[in-house]
Amino acid sequence: MAQNQIKKMIAETFVDIADGLATGSFGPKAKIAVTGLGSEHGESNSVEAAIMAADRGVNVTLIGTAEDPKFTTCKVADEDEMYKEMEKMLDSGEIDGCVTMHYPFPIGVSTVGRVITPGKGRQMFIATTTGTSAAERIEAMIKNAIYGIITAKACGIKNPKVGILNIDGARQCEGALKELQANGYDIQFAESSRADGGCVMRGNDLLVGSCDVMVTDSLTGNILMKMMSSYATGGSYEALGYGYGPGIGEGYERLVLIVSRASGAPVLANAMEYAAQLVKGNYKEVAKQEFAAAHKAGLNKVIEARKPVKKEASEEKVEMPPKEIVTASIAGIEVMDLEDAVQALWKEKIYAESGMGCTGPLVMMSEANKAKAEEILKAAGYIS
């Protein structure tokens, strides 16, 4: 072994010991990657963030083209290869998590953002900010609350206080969560800073951070993240906070944290720390415990009781075509129509799946079937 390698190993060992003494946590650091290609600010933005995160003690890998002594580089030629390599590294355990600018989560998975509130400088989790926990709004918000609790607990908040943003569905969500609480699910509610109190949060509560977890729908959460992160910069550069957060969902294994293409280096660096904190906090085990507790308290029954009355089902049964690898996608479909759009393609013998990207709902199919799928969906009025 070369002398320089030995010196590097010794130095890294002493750094790990120093970090352990400072944090009380010994053992290998979480291995966190960041993708380098696709940012509106260029790959240099990810490089700057990777250096910042490495200086804070994160074990960083850049998936891109740039190199620096402070991080490892996984060389790729383009964005397509970058995402394939990212998934390969996540699934193999080569990395524990990754921060990236776009990822199509399946329905049932959505991301928990983390902001610094301008009123009092408090950290607050916004549940959720991209993806869709469920196709129906109330069900999604109920699940968002659980996703937010999981994330906050994994980040060290033992008993996170939950607030529900005063949007359409807030009162139904409140009733559902309080029913879970009455059934034994350990959920603690925040109090609004306004005189009339309650766990339904107003705009003022967003600014001062009246709760640890702010429950909302993902599209509203996405807007809140953009405003909270770039209100001081004019919008073209997201400078504050920790990004749109990890994709959380029952049984979902990949730790993928989302940032925007407009996110600046400070946000990317914070997101890498956020990822490392989730790994250290054993977020997978926390998730298992929370889902088990919620189900024990009757989660499915609570959700079912609040589902809208369905239209009379058609007697026609549509069989799923043989499965194919889906690498193409079509956007622009309303989330409530997503499953019907999939069924419309199945009816025409095209295999398709529903999903959710950063820009909204997606129907995914093979590249070979994309053009035909677009024709079918346009004819059926799902896309224009």
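Only this structure's heavy atoms are used, side chains among them; waters, hydrogens and symmetry mates stay out. Model, not experiment: these values are computed from the prediction.
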Thinking salt bridges, do [X] and [Y] make one under a 4.0 Å N-O criterion?
X      : Y      : answer
Glu94  : Lys31  : no
Asp96  : Lys284 : no
Glu375 : Lys378 : no
Lys143 : Glu139 : yes
Glu273 : Arg114 : no

Will you find, in the side chains of [X] and [Y], an N or O donor that is under 3.5 Å from an N or O acceptor?
X      : Y      : result
Ser192 : Ser210 : no
Asp205 : Ser193 : yes
Arg56  : Asn270 : yes
Ser354 : Glu339 : yes
Glu179 : Tyr185 : no
Thr129 : Thr111 : yes

Practice task
Keeping the roles fixed (side chain from Lys29, backbone from Gly57), state whether a donor-acceptor pair exists under 3.5 Å.
Solution key: yes
Exercise for the section: State whether the side chain of Glu353 and the backbone N or O of Met364 hold a donor-acceptor pair below 3.5 Å, judged by distance alone. Expected result: no
Handout entry: Min side-chain heavy-atom separation Ser133-Phe105 under 4.5 Å
Key = no
Problem - Within-4.5 Å side-chain heavy-atom neighbours: Met141 and Ile164 - result: yes
Practice task
Can you measure from CG (Leu37) to CE (Met82) and round to the nearest 0.5 angstrom?
Solution key: 5.0 Å
Exercise for the section: Mind checking side-chain contact (heavy atoms from CB on, under 4.5 Å) for Ser229 and listing every partner two or more places apart, or none if nothing turns up? Expected result: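 By the side-chain contact (heavy atoms from CB on, under 4.5 Å) rule, Ser229 matches Glu238.
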Problem - Residues forming a side-chain contact (heavy atoms from CB on, under 4.5 Å) with Leu207, sequence neighbours excluded - result: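 Once residues adjacent in sequence are excluded, the partners of Leu207 under the side-chain contact (heavy atoms from CB on, under 4.5 Å) criterion are Pro118.
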Handout entry: Parallel, tilted or perpendicular: ring planes of Tyr351 versus Trp346, cut at 30 and 60 degrees
Key =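 Plane angle under 30°, so parallel.
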